[in-house]
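Note that the structure is predicted; figures quoted are calculated from it, not measured. Remember, it's 1-based here, ligands and their atoms both numbered in the order they're listed. Values below: every heavy atom of this structure, side chains too, minus hydrogens, waters and symmetry copies.
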Amino acid sequence: MGGYCDRVRVRLAPSPTGPPHVGNAYIGLFDYAFARREGGDFILRIEDTDRERSTRESEEAILEAFRWVGLEWDEGPDVGGPYGPYRQSERFDIYRQYARQLLEAGAAYHCFCTPERLADVRKRRQAQGLPSGYDRLCRQLSEEEVQRKLDAGVRHTVRLKVPLDGETRFEDLVRGAVIIRNSEIDDQVLLKSDGFPTYHLACVVDDHLMEISHVIRAEEWISSTPKHVLLYEAFGWEPPVFIHMPLLRNKDRSKISKRKNPTSLLWYREQGFLPEAMRNFLAMKGWSLGEDREVFGLGDMVENFTWDRVKTSGPVFDLKKLEWLNGEYLRAMTAEELLQRVLQEPYTRRAGERVEKLLAVTRLIRERIKRLCEFDELTNFFFEREPYEAADLIPKKHDADFVRRALREACELLEDSEDWSAEFLEGTLRGLAERQGWKRGALYMALRVAVTCRRVSTPLFETMEVLGKHECLERLQTALHKAAALD
Ligand code: GLU
């Protein structure tokens with residue numbers, strides 16, 4: 001473990017340059033679980049060093065989405081803390097000061113190369129089959145030359161003086177030793193020509209000053225870590241422990257991307273995936289509670305958290321699986337709980353309806369709903385009569401005559417009934433089919449379309465009970481009118 005091992009401190013460091021990303025929440029769950037397990041601290045840090053692409057709206061959306069998915073941080077831009085500020089754009093003076101320190105120690109240098117020259121170098125090196133990095137021209141400048149250019153106000157960056165030979169290594173807690181030859185590492189820019197830090201400088205300085213003990217991030221950052229290790233060495237600081245989590249992947253095993261999977265947490269929220277299903281899903285992509293337990297809560301993860309349960313094989317982000325998991329959580333709820341969730345966001349425009357009716361309807365769709373946003377679509381016909389084609393009333397292998405007779409007989413039979421319970425309706429209508437020698441399925445299909453306006457719906461008799469006698473008889477009459485026009 002690193003030098004700060006007396007207290008576990010981890011950080012999630014999103015860049016607010018777009019919608020909140022599922023990959024960030026996934027990493028955040030590991031930060032959270034590990035910090036809670038160890039009684040440590042979980043820090044949220046906003047890495048907005050990219051001034052052009054970072055926005056406050058994105059930051060706010062990210063915080064809100066992380067909270068929605070169940071992450072709770074102890075320190076961050078919104079809650080404060082003793083290591084603030086937690087937004088990198090408010091720390092620029094700090095990074096400049098540390099860049100100066102490296103320059104003074106001879107561990108970094110000024111680079112005056114123009115973007116045009118750098119592009120040229122890149123092209124030339126590529127053509128020669130060399131790695132596409134910088135050719136280190138300015139590393140050879142004499143002190144006087146450097147001073148003269150600085151005095152003349154020539155635009156410049158600050159670069160890390162990467163050792164020309166030897167190797168850099170670090171131990172990844174879940175992957176073991178990672179070793180890279182220094183000759184393969186570019187002289188990384190630390191301060192850009194506008195004076196702003198790059199990710200690498202800001203990240204290392206902050207992880208050190210914020211006393212981060214474990215850096216948990218996605219494996220796409222592995223190639224940056226040797227640069228960070230060199231920076232720690234240049235500063236004379238103890239590096240943290242590094243953990244690179246397997247990336248979430250599309251089905252074709254490429255890195256999860258918008259084109260192949262929705263990647264914004266907002267989309268999942270809008271669709272009505274439950275936050276508990278979402279976090280269960282993300283957690284199980286990189287970690288397992290035990291062979292046969294797929295459904296588990298964040299509490300279970302915290303309680304049982306160890307790094308050796310991290311799966312290092314590339315987990316595939318499988319929407320079907322998430323949908324299944326969401327269904328598991330939805331079906332475990334009572335109708336009351338389910339309705340409460342539907343009303344919370346809200347996922348329905350029916351919030352003004354009578355609660356008893358909403359509840360009765362919810363009971364009927366409980367088994368079928370996969371995402372909360374389906375509520376209105378699944379239940380619309382309970383609240384309004386939908387248009388349908390008269391021909392829909394005709395069951396397979398039957399004709400218009402059958403529909404007219406079936407609906408008329410059903411109406412007559414039900415008109416005077418006091419009882420309108422599902423059991424009564426079922427018994428009565430089954431009796432009708434038997435007496436007439438009709439196929440039960442055919443009668444029910446005609447009735448289903450008449451009453452629900454759809455060929456696929458919630459269970460017929462329960463649905464009729466919820467709709468009530470008056471509404472059902474009116475719909476049957478409407479259907480009879482429609483059927484009168486059929487040949
Ligand atoms: N800002 C980086 C990101 O957006 C953080 C990488 C890291 O955790 O060091 O993922």
Charged N to carboxylate O below 4.0 Å: is that the case for Asp194 and Arg51?
no
In terms of atom number and element, which parts of ligand 1 are under 4.0 angstrom from non-hydrogen atoms of Tyr199?
5 (C), 6 (C), 7 (C), 9 (O)
Hey, are Arg36 and Asp74 close enough for a salt bridge, meaning a charged N less than 4.0 Å from a carboxylate O?
yes
Strictly below 4.0 Å, N to O, side chains only: are Glu219 and Arg175 in salt-bridge contact?
yes
So, Glu220 and Lys255, do they make that salt bridge, N to O below 4.0 Å?
yes
Just jot down the ligand 1 atoms closer than 4.0 angstrom to any heavy atom of Ser15, in number order.
1 (N), 4 (O)
Quick one: look up the protein heavy atom nearest atom 5 (C) of ligand 1 and list residue, atom name and how far away it is.
Ala13 O, 3.2 Å
Examine distances only and state if a side-chain atom of Arg350 and a backbone atom of Asp376 form a donor-acceptor pair shorter than 3.5 Å.
no
Using a strict 4.0 Å cut-off to heavy atoms of Trp221, name the atoms of ligand 1 that fall inside it.
2 (C), 3 (C), 6 (C), 10 (O)
Looking only at distances, can you tell me whether any N or O atom of Cys203, backbone or side chain, sits closer than 3.5 Å to an N or O atom of ligand 1?
no
For atom 8 (O) of ligand 1, the protein heavy atom that lies nearest, with its residue and separation
Arg11 NH1, 2.7 Å
